[in-house]
Amino acid sequence: MNPLDPKSGTSPTGLDILDAKILIVDDQEGNVRLLEHILGSVGYRAVTSTMDSREVCELHRRNDFDLIVLDLNMPHLDGFQVLEALKDIERGGYVSVLALTAQPDYKLRALNAGAKDFISKPFDLIEIFTRIRNLLEVRLLHRELRAQNEILEQRVEARTAELGESYREAIYTIARAAEYKDEDTGSHIKRVAHSCRELAHSLGMTGEFCDTIFHASPMHDVGKMGIPDNILSKQGALSAEEWAIMKTHAAVGAAILSDGRSPYLRMGKDIAHHHHERWDGGGYPCGLAGEAIPISARMMNMCDIYDALRSNRPYKPAWDHARALEIITVGDGRTNPAHFDPTILSAFARHHEIYRDIFEANKG
């Protein structure tokens, strides 16, 4: 390929190299006009020039040049100062600069400052064309690689989102299976998911935690799949033996989720295992107390109790919001405030209308 004839082929990217955007920066008008003439004579179509080094950064912001031909010895800002300023604005971190200098000791300094190549003054015609073309080919290849990487990142993000959605659908399918015998199928797990997320938000948890508990909390009763149907669907109070079997659903749920590696399943395991523990140590299956109970399980316990109080159960009617709030904050003999983490109880009481609204919007 003849370096004096850019028309002899396109760049490796398939783009016409003659369309590359070039900026000439030199405080000597004669040098600017000479370079414009040289480049224009072989067909470069997008050549811009300035004799004021202070304009370079703004021109580059607006035009995103493929190549900047930069004199190093200029008033106001010298070429080294321009090179430093360009580093702060160049998208992608790649500044294609061809330095112009008549001083031999500037050459290495220019390369260390970020220039990609240099040309000595006075100019040699073949050297100018060769170095400009080589730098433009590299620049266009860099652009193509960056574009391909952006496409790849978008595809990876889209695939990750798709897999995440499929994963969350699987979680809800498992959770619905555990609730299948309940007349309130699906509604309960939706309510506790929204309630747990709102409670986490009011406690100042991170966005990641709020998202995780939203998707993990529906698995709290997954262990009920291991409980006999005659116990799950029994109308009326359970016998002591039946109640002992019912309580095993916490450990069964933890076992089902024990091999999970995702944050949803890890938190889901904690919630399934410990959402019936009480702050005062009177819960099950481990009798944990206080902060020994995972905070996700403490939050789930609060939301689950509220939802149970608002729902029909074999041993009680469905209470309205005011009565449920009273039972949680004052107690009724069966439930009392000592069962709950005081910080969580306080946050729940302060924002109790939110949980009322969630319940009313998801009655099923």
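Predicted model only: the values in this text are computed from it and were never measured.
- Side chain of Ser49 to backbone of Ile24: no donor-acceptor contact under 3.5 angstrom is found.
- Heavy-atom neighbours of Asn112 CG from other residues, nucleotides or ligands within 6.0 Å: above the threshold of 12.
- Partners of Tyr355 under the ring pair (Phe, Tyr, Trp, His ring centres under 6.0 Å) rule, at least two apart in sequence or in another chain, are Phe348.
- In this structure the side chain of Ile245 reaches within 4.5 angstrom of the side chain of Pro228, judged on heavy atoms.
- Contact of the Val25 side chain with the Val82 side chain is not registered, since no non-hydrogen atoms from C-beta on lie closer than 4.5 Å.
- Side-chain polar atoms of Ser346 and Arg350 form a donor-acceptor pair below 3.5 angstrom.
- Side chains of Phe340 and Ile305 form a contact here, defined as non-hydrogen atoms less than 4.5 Å apart.
- With sequence neighbours excluded, the residues that form a side-chain contact (heavy atoms from CB on, under 4.5 Å) with Arg131 are Leu98, Asp117, Ile119, Glu127.
- A donor atom on one side chain and an acceptor atom on the other are not found under 3.5 Å apart for Tyr106 and Asp78.
- Aromatic ring centres of His188 and His220: separated by under 6.0 Å.
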Practice prompt. Carefully, step by step, assess Asp26 and Lys121 under the rule salt bridge (Lys or Arg N to Asp or Glu O under 4.0 Å).
Written response: CA-CA 12 Å; Asp26 198 308; Lys121 293 181 178 180; 3.2 Å; yes
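- At least one side-chain heavy atom of Leu265 sits under 4.5 Å from a side-chain heavy atom of Met219.
- Using a 4.5 Å heavy-atom cutoff, the side chains of Leu72 and Leu100 are not in contact.
- Proximity of Cys286 to His274: side-chain heavy atoms (C-beta onward) are separated by under 4.5 Å at one or more points.
- Partners of His275 according to the side chain to side chain donor-acceptor pair (under 3.5 Å) rule, which considers only residues two or more places apart in sequence or in another chain, are Asp221.
- Here the CZ-OH distance, from Phe129 to Tyr44, works out to 7.5 Å after rounding to the nearest 0.5 Å.
- Within the model, atoms CD of Glu55 and NE2 of His76 stand 9.5 Å from one another, a figure rounded to the nearest 0.5 Å.
- Screening Asp357, Asp307, Asp304 for a salt bridge (Lys or Arg N to Asp or Glu O under 4.0 Å) involving Arg191 leaves a single residue, Asp307.
- Residue pairs meeting the salt bridge (charged side-chain N to carboxylate O under 4.0 Å, His left out) criterion with at least one member in residues 29-47, sequence neighbours excluded: Asp16-Arg45, Asp19-Arg45, Glu29-Arg33, Arg33-Glu36.
- Between Glu277 and Tyr284 there is no side-chain heavy-atom pair separated by less than 4.5 Å.
- Taking both residues in full, the closest heavy atoms of Ala324 and Trp319 are given as N-CB, 4.3 Å, listed atom of the first, atom of the second, then distance.
- Sorted by first then second residue, the salt bridge (charged side-chain N to carboxylate O under 4.0 Å, His left out) pairs that include residues 318-332, not counting sequence neighbours, are Arg323-Glu326.
- Applying the ring pair (Phe, Tyr, Trp, His ring centres under 6.0 Å) rule to His201 yields no partners; only residues at least two apart in sequence or on another chain are considered.
- Taking the side chain as every heavy atom from C-beta outward, Leu83 and Lys87 never approach each other to under 4.5 Å.
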